[in-house]
Amino acid sequence: MTQSESTPFDQAVRALDDFQIEIPSWGFANTGTRFGKFLQPAAASNLEEKFGDAAEVHRLTGATPTLALHVLWDLPRGVADIGEVQALERLSGIRAGSINPNLFQDQHYKFGSLCNPSDEIRHNALQHLLDSIEIAKRLRCRDISLWLADGSNYPGTQSIRKRIEWLQSALNAAHAHLGPDQRLLVEYKPFEPAFYHTDIADWGMSSQLCRAAGPQAYVLVDTGHHYLSQNIEQIVAWLLHLDLLGGFHFNDRRYADDDLTLGSIDPYQIFRIFHEICEDHQTRKSNGRLHTVPFMIDQSHNLKGKIEATVQTVVTSQELWLKAALVDREHLAELQQSCNLVAAEELFRGAFWRDVRPLVAAWREARGLAADPLKALRESGYLERITRERASRQSAVSSYA
Ligand code: RM4
Ligand code: MN
Ligand code: MN
């Protein structure tokens, strides 16, 4: 059956059944800006609470079966904490998702981690990366998501060339430790915390590092990690073309790496990215498990309630995904081929403006989920309960800022 022969509801069911998005454990913890943290009484302050919140989001949305973990924040004792994670997986029904090494918070990373001029610090950083791969292996997690804060603040203060070599040899060594089902995802970011040069500043550098490291290394695209007005969907199209797209960290921003909720500033951008993915799904045969592109959320909910913000994000992503899935790509291809510009743009824009919320609600009801997850969250009493339980024991929790 072609896309035009099935009903919109059938198409919606297929698109939404297929759609999953990974939520981050740090999205439930107290986070802040470099100016400080505002604590929320309902914030999760241990791993059990993070898994509990993740399970609540999954119960409400049906789309978030996995939770991304940050090693230092969630498994501070490394492999020794694996048993606790496994117990929480069983208890909550949520699986551990991508494993994020933390190579940016320890004091000795002041001048970098895998690119630090000190042999000893580079060695320790690599060891942490290898430990993270081991953690992922034992938890049966496919992906290790690597983000480095490495870079420098002033011209002439570091050898950019030497740092490339150090970085490449570390990634090669990490790649050699991957299990056959594992992948190393390499994230890029043009600036912050370093403001002169960042060692993995863009998708070109990340792609090159991945290609040289080996076939199980892929590029991770964090939507907040681009210069303003950069055409992210074009980068996505290129990475798909090169078979190097490893996954996404979704969030939105107005200025820099703002980590605002997905689609809050520019929903059209997420729609355009999803369109590229949908087009790719339709045109290529599956390459097997190693190649499926995971959608992940990387957000910091400083002002909004954390669970509400997460549910809102998941709901928005489902709506934008469905809009993109319903683009009539056969017709669009004809219009593109004949350079019928206005009609092509109107078809594309029309899909974006289409109100798919009734279709998403119908899918939810068909799947036994709440038609309106945010309303269901408010009515569930969950927020009141965790606020009561957690308010008295808000302690310092490790997370960023
Ligand atoms: C970075 C990057 C990473 C995330 C850290 C906390 O900007 O997006 O993915 O782990 O923030
Ligand atoms: Mn990220
Ligand atoms: Mn970021």
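Order of listing sets the numbers, starting from 1, for every ligand and every atom in it.
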Quiz item: Of all heavy-atom pairs between Q230 and I235, which one has the smallest distance, and what is that distance?
Solution: NE2-CD1, 3.9 Å
Quiz item: When you check the gap from the basic side-chain N to the acidic O, do D53 and K306 get nearer than 4.0 Å?
Solution: no
Quiz item: Closer than 4.0 angstrom: is that true for some heavy atom of H225 and an atom of ligand 1?
Solution: yes
Quiz prompt | Interfacing atoms of ligand 1 (cut-off 4.0 Å, heavy-atom, H70) | solution = 10 (O)
Exercise. State yes or no: are the ring centers of Y268 and F352 separated by less than 6.0 Å?
Key: yes
Quiz item: Using a heavy-atom cut-off of under 4.0 Å, does the side chain or the backbone of D259 touch ligand 1, or both, or neither?
Solution: neither
Quiz item: Short question: side chain of T198, backbone of P190 - any donor-acceptor pair under 3.5 Å?
Solution: yes
Exercise. Below 4.0 angstrom from a heavy atom of D257, which ligand 1 atoms are there? Numbered from 1 as shown, please.
Key: 7 (O)
Quiz item: Under 3.5 Å, is there a donor-acceptor pair linking the side chains of H301 and Q299?
Solution: yes
Quiz item: Hey, is E379 close enough to K375 for a salt bridge, meaning N to O under 4.0 Å?
Solution: yes
Practice problem: Go through the structure and list residues passing salt bridge (charged side-chain N to carboxylate O under 4.0 Å, His left out) with R385, not counting sequence neighbours. | Solution: E389
Exercise. Run down the list Y188, W73, W147 and name the one with the heavy atom closest to atom 11 (O) of ligand 1.
Key: W147
Exercise. Mark up the atoms of ligand 1 that fall under 4.0 Å of a heavy atom belonging to D222, in ascending order.
Key: 8 (O)
Quiz item: Between R138 and E134, is there a side-chain N and carboxylate O pair less than 4.0 Å apart?
Solution: yes
Quiz item: N/O to N/O below 3.5 Å, does that happen between W26 and ligand 1?
Solution: no
Practice problem: Give the minimum heavy-atom separation between S98 and M296, together with the two atoms involved. | Solution: OG-SD, 3.4 Å
Quiz prompt | Neighbouring protein N, O or S atoms of the Mn ion (ligand 2) [cut-off: under 2.8 Å, no waters] | solution = E187 OE2, D222 OD2, H249 ND1, D298 OD2
Self-check item: Distance flag, aromatic centroids of W321 and F295, threshold under 6.0 Å
Solution: yes
Quiz prompt | Atom indices of ligand 1, in the order listed, that fall short of 4.0 Å to a heavy atom of H249 | solution = 9 (O)
